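Just so you know, these numbers come straight off a predicted model, no measurement behind them.
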Amino acid sequence: MNIGLLSVSMNVYSTQRIANEAKKLGHDIEWIDHTQCSIKIGTNQPEVIFKQENILDVFDAIIPRIGTKVTRHGASVVKQFEMNQGL
């Protein structure tokens, strides 16, 4: 399974543990700093842009690790992934 781990830092213990356990189980996991994501809405093709690439369809699962200081933006990114599930 290809997993996106949304977190502002891989230095957080709980985030590291999730990543390590996923790797032990044979999953591919990629850290995504959701504060660096842009959301493109209002088009027929919604997008979540990270490092100039649309990552909306890249992952089989998303694990959000959203901190309180960036809850609004983080929730918007997660919502965009949720909405894409029906497409």
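- To the nearest 0.5 Å, atoms CG (Asn54) and OG (Ser38) are separated by 11.0 Å.
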_Before you tell me yes or no, could you show the steps for Leu6 and Ile63 under side-chain contact (heavy atoms from CB on, under 4.5 Å), namely the whole-Å CA-CA distance, both residues' side-chain angles and the distance that decides it to 0.1 Å?_
CA-CA 6 Å; Leu6 303 178; Ile63 301 174; over 6 Å; no
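- Each side-chain hydrogen bond (donor to acceptor under 3.5 Å, both in side chains) pair with one or both residues in residues 65-74, not counting sequence neighbours, appears once here: Ser14-Arg65.
- Scanning all heavy atoms of the two residues, the minimum distance from Phe50 to Ile55 falls at CB-CD1, 3.8 Å.
- Annotation: side-chain contact (heavy atoms from CB on, under 4.5 Å) contacts of Ser76 (sequence neighbours excluded): Ile39.
- Note on Leu5: it does not cluster hydrophobically with Ile66, by side-chain heavy-atom contacts below 4.5 Å among ILVMFWY residues.
- To the nearest 0.5 Å, the span separating CG on Asp33 from OG1 on Thr35 amounts to 3.5 Å.
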Using residues 24-32 as the side-chain source, report each donor-acceptor pair under 3.5 Å to any protein atom, sequence neighbours left out, with the distance given to one decimal.
residue	atom	partner	partner atom	Å
Lys24	NZ	Glu21	OE2	3.3
His27	ND1	Met1	N	3.4
Trp31	NE1	Ser7	O	2.6

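- For the pair Ser9 and Thr15, the tightest heavy-atom approach, listed with the atom from each and the gap, is O-CG2, 3.8 Å.
- At least one donor-acceptor pair closer than 3.5 Å links the side chain of Asp60 to the backbone N or O of Asn2.
- The shortest non-hydrogen separation linking Lys40 to Gln80 is O-NE2, 3.9 Å.
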_Using side-chain contact (heavy atoms from CB on, under 4.5 Å), reason through Ile3 and Ile62 one step at a time and then give a plain yes or no._
CA-CA 6 Å; Ile3 301 170; Ile62 297 294; over 6 Å; no
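- Follow the hydrophobic side-chain contacts under 4.5 Å out from Val48 and you reach Val58 in the same cluster.
- The shortest heavy-atom contact between Ala19 and Met10 is CB-CE, 3.7 Å.
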